[in-house]
Amino acid sequence: MEYNHREIETFWQKYWEENSTYKVSNQSDRPKFYVLDMFPYPSGAGLHVGHPLGYIASDIYSRYKRLKGFNVLHPMGYDAFGLPAEQYAIQTGQHPAVTTEQNINRYRSQLKKIGFSYDWSREVRTCDPKYYKWTQWAFIQMYNHYYNNDTQKAEPIENLIKEFEQNGNTKVNAAHSDVPVFPAEVWHGMTEDEKDSVIDSYRLAYRAKTMVNWCPKLGTVLANDEVKDGLSERGGYPVVQKPMEQWLLRVSAYAERLLKGLETIDWSDSLKEMQRNWIGRSEGCEMYFDVKDSDVKLKIFTTRPDTVYGVTFMVMAPESEYVDQVTTPDCKEAVEAYIAGASKRTELERMADTRTVTGQFTGAYAINPFTGDEIPIWISDYVLAGYGTGAIMAVPAHDSRDYAFAKNFNLPIIPLIEGADVSQESYDAKEGIMMNSGIFNGLEVKAAKEAAIQEVEKRGFGNRKINYRLRDAIFSRQRYWGEPFPVYYKDGKAHMLPLEKLPLELPEVDSFLPTESGEPPLSRAKDWKTVDGYPYETSTMPGFAGSSAYYLRYMDPDNNEALVSKEANEYWQDVDLYIGGTEHAVGHLIYSRFWDKFLFDLGYVCKEEPFKKLVNQGMIQGRSNFVYRIKGTNKFVSLGLKDQYDTQEIHVDVNIVNNDVLDLEAFKKWRPEFATAEFVLENGKYICGWAIEKMSKSMFNVVNPDSIVEKYGADTLRLYEMFLGPINQSKPWDTGGIEGVSKFLKKFWRLFFNDKSDTLNVSDEQPTDQELRALNKLVKKVESDILALSYNTSVSAFMVCVNELQTLKCNKRAILEPLTIVLAPFAPHITEELWKQLGHNETINNAKFPEVDEKYTVDSTKCYPVALNGKTKFTLDLPADADKAAIEAEVLKNEKLQKLIEGKTIVKTIVVPGKMINFVVK
RNA sequence: GCGGGUGUGGCGUAAUUGGUAGCCGCGUUAGACUUAGGAUCUAAUGCUUUCGGGCGUGGGGGUUCGAGUCCCUUCAUCCGCACCA
């Protein structure tokens, strides 16, 4: 009987579906294991061969864990809100819900064809009101809580109000947006509006006017992680800075915990490093500089307080609120002109020329608290309003940016470190002995820094401060296809909907475009108001809202009373293995951790870190093929001969190229203009050029998994994707190599069936030691590989084992049965079929992963290389279990060796058990 | 500029973690069976050679009886961040 992947795979996929084979229960006496894939955004293009890479890896892990007796939660869902569906809707008028539904169906059917063991009954989609009810719920919770820095957790806002009534905020140590200190009396003297505004400044979800990344083309604001190089991540449109009233999440309150938590989780170093950089913790101090002839105290942040003796000027961001306060009348005009110029530049322009130094003197002077010197105050756009205090003390001798500024405007440069030459460039290194620094002279930089902070605090010039680069996340998007805010406005003030009114569903609109006056699309829904007639918030939530807690929802997807029940959460706890792309390193993976910590503080979840182990799968790149057209003709020249002509490189569809050999007939049919093409061949073939590029339609290098499944089968696709290389590495897809694993599966099948016969050819004979060794070595290897997720070497091991068994003509049940189980996680269909053929009524998922018998994991004889002075001379066959002394004695008896060491003395003998014997001779 | 990673045959990769470098697969070459092969099977396949051997893991140096693996240095390349004071 031939291996017929089509028949086998359709049969078993149907069987699994009809029997709910992979449905898991929240009640089990087996230990839990949670394997999660990053859920996809269902785009219109469908899956390409790169998407399933991580899914296959996690599926293998899940299936293995099931065979080891775990109750495995392995769900799949869809991150279904998003811009592409909305833009498609704008172009076609098709409702995004409709296209999203279509895309989801396509994705699901593609995924099912690959044979994943998902519990499809737990499927979630973020655009489902039953799902986003809990996204809205979480937002309301954040609105109703603040972050207490003393207890290091989120607490109800009511507690804070009680505290205000008693003591004002004098004793409050909480994350907030700049609220001055006020005692209880002041609180009681405030109007309701003033009180509300104070309270709002403490909420974890709050409204504020901030500088946002505004993308005019998309008509929406974007979060920092959605902007790359000054362009929107989706679409690549220019982004400008613009002040706007927005909802924000106080993610920054959790900066320290987000940083500390990294130490407790098993993620790759590079990913942790990316998160650390994004959080950007820096230690230093805030310092106040008096301004000459003014009451203003200029607050700056610095990580180098030790260099305070070298401050020769101050710089403020153009947007800084200090600017108006300190600018002198005679400089006012110039300063305003500078600010106007700076605000016109887009983010992109600002980044494009970081070398051009611009700035403007404000006319004001600050007083250095340590020296009493008067130092000019400038403004410049190299100082950012959003970081620190938006103002710096400039030390040109030891900061390259300050140095460039000082050179440009001819400001003095005072070196502070012995031996530092600052005539050409600044000395930025944080090492050396201080000089010109008054009380810090003679100290090492590090010691000076600490001494400086203490001195600053002692003299009351400022205080120690830790700053984070991590900003609060802007949470509003001026779009249609997202979660509506559960918010309405009454007298211009925001109110949360009562929880029992959730979910607040998206209204219908006549067009998905912003209104002509620039209002978000939701403002087109004229009747969209509360029962009392108050208008709802018209922006929607960003993409990361729905993906922040989806892993919790899988635990209890149908619960209408809670995001996740306590019981379900306590059973499943957290994600044991999370697999996904590295592109979410500073977006989703930060927000998700923040969201989880918040829910943890409120007692809704029992784990402070959601993803225990995280693995990034690499990208699968496309392998493009080229043909070479002789310029101005319709003649194509083969790769090896192209240098003899003046040619033009043209992408050619990889589907009509086989091992870089062009299918000439298919090429002529590919496009009408090539119908009359002529070819210059080499050795009768047309060889195409190739390059590794991103998989994309325009390069004709997209390989669709469906066509691979159709031709070779899902099991072959799965094995091949794993065989391609280490899971976390980027690698090109090359359909050429797939024959190897395809052959392997056919060979594997032939171990069970004779070529011509339809009956199973399996005997109950006792296996030989050699056969047992082949099996046990495989089981041991595969088991350790799976745990390390290095599946590519496992596939190699399978091939070696099957080749060996084929040579041995082994058809013994005692070998083939465990072999089938070991292969089952990788190739579920073929193994399921053979398991049935072997006479089992139950699916192979209920089988037990074989135990390794260590007795059979080493070779009975070992080939020992014998070396003199590290140079290998010859090899000897010796028993594998021989001890050191016996080996040594045996080798010394050898004639060949005796000849070699004649006249010399053995200084040392090194026996590496199981490896080699080395004699050091003189 | 800063941070992280990677460099091994024609190609994708492997190396029990310091112990015979190149497993497995692709490709290539030869052969068998075939009307045929894009099916199957067998063999060969790092480079070089005067067939003894010599060389070989980006380059240079070091530690060691022994280095792809450890250390120093240098080059190349990929990814992330980038006026973060």
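Atom set for the values below is all heavy atoms of this structure, side chains included, hydrogens, waters and symmetry mates excluded. Proteins get letters first, then strands, A, B, ... in listed order; numbering begins at 1 in each. Given the structure is predicted, the values throughout are model-derived calculations rather than measurements.
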Detail all sub-3.5 Å separations between protein N/O atoms and N/O atoms belonging to nucleotides 63-67 of chain B.
from, atom 1, to, atom 2, distance (Å)
C65(B), O2', Asn869(A), O, 2.9
C65(B), O2', Gly870(A), N, 3.3
C65(B), O2, Asn918(A), ND2, 2.1

Across all strands, who's sitting opposite G10(B) as a Watson-Crick or G-U wobble pair, both distances under 3.5 Å?
-> C26(B)
Looking at the angle O4'-C1'-N9-C4 for a purine or O4'-C1'-N1-C2 for a pyrimidine, is G52(B) syn or anti, with syn meaning within 90° of 0?
-> syn
Taking the P atom of each, how far is U74(B) from C79(B), in whole Å?
-> 24 Å
Separation of Asn803(A) atom CG from A43(B) atom P, in whole Å?
-> 10 Å
Between Phe405(A) and Tyr382(A), how do the two ring planes meet: parallel, tilted or perpendicular, split at 30° and 60°?
-> tilted
Output, in order, the C-alpha distance, side-chain angles, deciding distance and verdict of salt bridge (Lys or Arg N to Asp or Glu O under 4.0 Å) for Glu273(A) and Arg276(A).
-> CA-CA 5 Å; Glu273(A) 202 52 37; Arg276(A) 284 194 195 104; 3.1 Å; yes
Base partner of A82(B), which must satisfy Watson-Crick or wobble distances under 3.5 Å | none
Taking only side-chain nitrogens and oxygens of Asn792(A), does any of them come within less than 4.0 Å of OP1 or OP2 of G25(B)?
-> no
Contact class for Pro726(A) vs. all strands (heavy atom < 4.0 Å): base, sugar-phosphate, or nothing?
-> sugar-phosphate
Among pairs that include at least one residue of residues 777-808 of chain A, which meet ring-ring contact (aromatic ring centres under 6.0 Å, His included), considering only residues two or more places apart or in two chains?
-> Tyr791(A)-Phe826(A), Phe798(A)-Phe826(A)
Nearest-nucleotide pick for Met274(A), side chain only, options being A85(B), C83(B), G80(B) | G80(B)
Calculate the interatomic distance between Ile620(A) atom CD1 and C78(B) atom P; express it in whole Å.
-> 20 Å
Side-chain N or O of Asn467(A) less than 4.0 angstrom from OP1 or OP2 on A85(B)?
-> no
Quickly work out the Glu583(A) CD to C81(B) C1' distance and round it to whole Å.
-> 17 Å
Send over the distance from Trp267(A) CH2 to G4(B) P, rounded to a whole Å.
-> 19 Å
What nucleotide, of C24(B), A14(B), A82(B), holds the atom closest to the side chain of Ser796(A)?
-> C24(B)
Give a yes/no on whether any side-chain N or O of Arg623(A) is located under 4.0 angstrom from OP1 or OP2 of G12(B).
-> no
Looking at Ser282(A), does any N or O in its side chain come under 4.0 Å of the phosphate oxygens OP1/OP2 on A85(B)?
-> yes
Between Ala391(A) and Gln729(A), whichever has its closest RNA chain B nucleotide further toward 5' is Gln729(A)
Find out whether Gln621(A) and Pro732(A) are in side-chain contact, i.e. whether some heavy atom of one side chain is under 4.5 Å from a heavy atom of the other.
-> yes
Going by the angle between their ring planes, with limits at 30° and 60°, are Trp378(A) and Phe409(A) parallel, tilted or perpendicular?
-> tilted
For the residue pair Thr857(A) and Glu854(A), confirm or rule out a side-chain donor-acceptor distance under 3.5 Å.
-> yes
Just name whichever nucleotide pairs with G31(B), Watson-Crick or G-U, keeping both distances under 3.5 Å, else none.
-> C41(B)
Check side-chain hydrogen bond (donor to acceptor under 3.5 Å, both in side chains) between Asn408(A) and all other residues, then give those that pass, not counting sequence neighbours.
-> none
Integer angstrom distance from the C1' of A82(B) to that of C75(B) = 24 Å
With the threshold set at 4.0 Å, does a side-chain nitrogen-carboxylate oxygen contact exist between Lys746(A) and Glu2(A)?
-> no
Rounded to whole Å, CH2 of Trp733(A) lies from P of C26(B) at a distance of 15 Å
Spacing between Tyr791(A) atom OH and G12(B) atom P, to the nearest angstrom = 24 Å
If pairing requires Watson-Crick or G-U wobble contacts with both distances under 3.5 Å, which nucleotide is the partner of U16(B)?
-> none
Run the side-chain contact (heavy atoms from CB on, under 4.5 Å) check on Ile417(A) and His398(A) step by step: do they pass?
-> CA-CA 9 Å; Ile417(A) 293 173; His398(A) 302 290; 3.8 Å; yes
Flag the pair Lys781(A) and Glu783(A) as a salt bridge only when some basic side-chain nitrogen lies within less than 4.0 angstrom of an acidic carboxylate oxygen.
-> no
Pairwise C1' distance, U28(B) and G12(B) [rounded to whole Å] = 16 Å
More 5' along RNA chain B: Met916(A) or Ser730(A), using each one's nearest nucleotide?
-> Ser730(A)
Rounded C1' spacing from C26(B) to G80(B) in Å = 33 Å
C41(B) phosphate, OP1 or OP2, under 4.0 Å from Arg750(A) side-chain N/O | yes
Between A82(B), G19(B), G12(B), which nucleotide has the shortest distance from any of its atoms to the side chain of Phe723(A)?
-> G12(B)
Between the protein and nucleotides 71-73 of chain B, which nitrogen or oxygen pairs are less than 3.5 angstrom apart?
none

Report the distance from atom OH of Tyr720(A) to atom P of C24(B), rounded to the nearest whole Å.
-> 17 Å
Base of U17(B) relative to its sugar, syn (within 90° of 0) or anti?
-> syn
Provide the distance between the two C1' atoms, one in G19(B) and one in U69(B), to the nearest whole Å.
-> 11 Å
Rounded to the Å, how far apart are Lys781(A) NZ and C24(B) P?
-> 13 Å
Only counting residues at least two apart or in another chain, list the ones meeting side-chain contact (heavy atoms from CB on, under 4.5 Å) with Asp399(A).
-> Arg401(A), Asp402(A)
Pairwise C1' distance, C47(B) and G9(B) [rounded to whole Å] | 9 Å
So what does Val800(A) hit on the nucleic acid, given a heavy-atom distance under 4.0 Å: a base, only sugar-phosphate, or nothing?
-> sugar-phosphate
Verify whether one side chain among Ser282(A) and Asn467(A) offers a donor that lies under 3.5 Å from an acceptor in the other.
-> no
Any side-chain N or O of Lys743(A) under 4.0 Å from OP1/OP2 of C41(B)?
-> no
For G4(B), glycosidic torsion class - syn if within 90° of 0, otherwise anti = anti
Say you pick atom C1' in A15(B) and the same atom in G53(B); how far apart are they, in whole Å?
-> 26 Å
Sorted by chain and residue number, the side-chain contact (heavy atoms from CB on, under 4.5 Å) partners of Val741(A) (sequence neighbours excluded) come out as Thr716(A), Leu719(A), Tyr720(A), Phe723(A), Ile738(A), Val795(A), Met799(A)
Rounded distance in Å between the P positions of G59(B) and G52(B) = 30 Å
With sugar-phosphate meaning primed atoms plus P, OP1 and OP2, does Lys747(A) contact a base, only sugar-phosphate, or nothing at under 4.0 Å between heavy atoms?
-> sugar-phosphate
